[in-house]
Amino acid sequence: MFAKNEGPADRIIRVVAGALLIAVGLVLLGGLETSVVGIVVAAFGLWFIVTGAIGVCPGYVPFGISTVPKRQRVPSIDRSKQGA
């Protein structure tokens, strides 16, 4: 679907930050006791872990951001110029 746009360092940071956000949201902010703020923070943590695991951040796409090293990038295909 999307080309990978997260490099190795970005992915590691996301997974670690996501785990911390889940812990903070559920334990420190009371997400386990149904605190809305805690649940929202934990949900952001889960989002970070998922995007770090798959290597794609949909938020980067509209801005053309990619942290993948240039030597590892796969060229995109411009489908508008292909015949039907």
Side-chain angles (χ1 to χ4, degrees):
M1 184 187 259
F2 290 112
K4 291 194 182 222
N5 59 7
E6 294 177 1
D10 189 5
R11 294 176 74 180
I12 291 169
I13 291 168
R14 282 175 178 270
V15 171
V16 170
L20 289 173
L21 284 173
I22 288 174
V24 167
L26 294 180
V27 178
L28 295 179
L29 296 178
L32 293 174
E33 289 93 30
T34 64
S35 163
V36 175
V37 174
I39 292 171
V40 169
V41 169
F44 273 108
L46 181 61
W47 175 258
F48 280 12
I49 289 176
V50 169
T51 58
I54 64 174
V56 176
C57 178
Y60 283 1
V61 174
F63 303 105
I65 299 171
S66 177
T67 59
V68 176
K70 290 189 186 233
R71 67 181 185 281
Q72 293 179 356
R73 290 188 186 163
V74 176
S76 63
I77 299 171
D78 187 1
R79 300 203 187 273
S80 64
K81 294 182 181 177
Q82 291 180 341

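The residues of the chain are indexed from 1 along the displayed sequence.
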Restricting to side chain to side chain contact (heavy atoms under 4.5 Å, CB included), what partner residues turn up for [X], sequence neighbours left out?
X: Val50; result: Leu46
X: Ile39; result: none
X: Val24; result: Leu28, Leu29

Working to the nearest 0.5 Å, report the span between CZ of Phe48 and CD1 of Ile22.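 One gets 11.0 Å once the value is rounded to the nearest 0.5 Å.
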Do [X] and [Y] share a hydrophobic cluster (ILVMFWY, side-chain heavy atoms under 4.5 Å, transitive)?
X: Ile49; Y: Leu26; result: yes
X: Val56; Y: Phe63; result: no
X: Val61; Y: Ile54; result: yes

Which heavy-atom pair separates Gly7 from Pro69 by the least distance, and what is that distance?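 Of all heavy-atom pairs spanning Gly7 and Pro69, the closest is CA-CD, 4.4 Å.
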Mind jotting down which residue pairs meet the side chain to side chain donor-acceptor pair (under 3.5 Å) criterion with at least one end in residues 8-33? Sequence neighbours excluded, please.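 Matches after skipping sequence neighbours: Glu6-Arg14, Asp10-Arg14, Asp10-Tyr60, Asp10-Thr67, Arg14-Thr51, Arg14-Tyr60.
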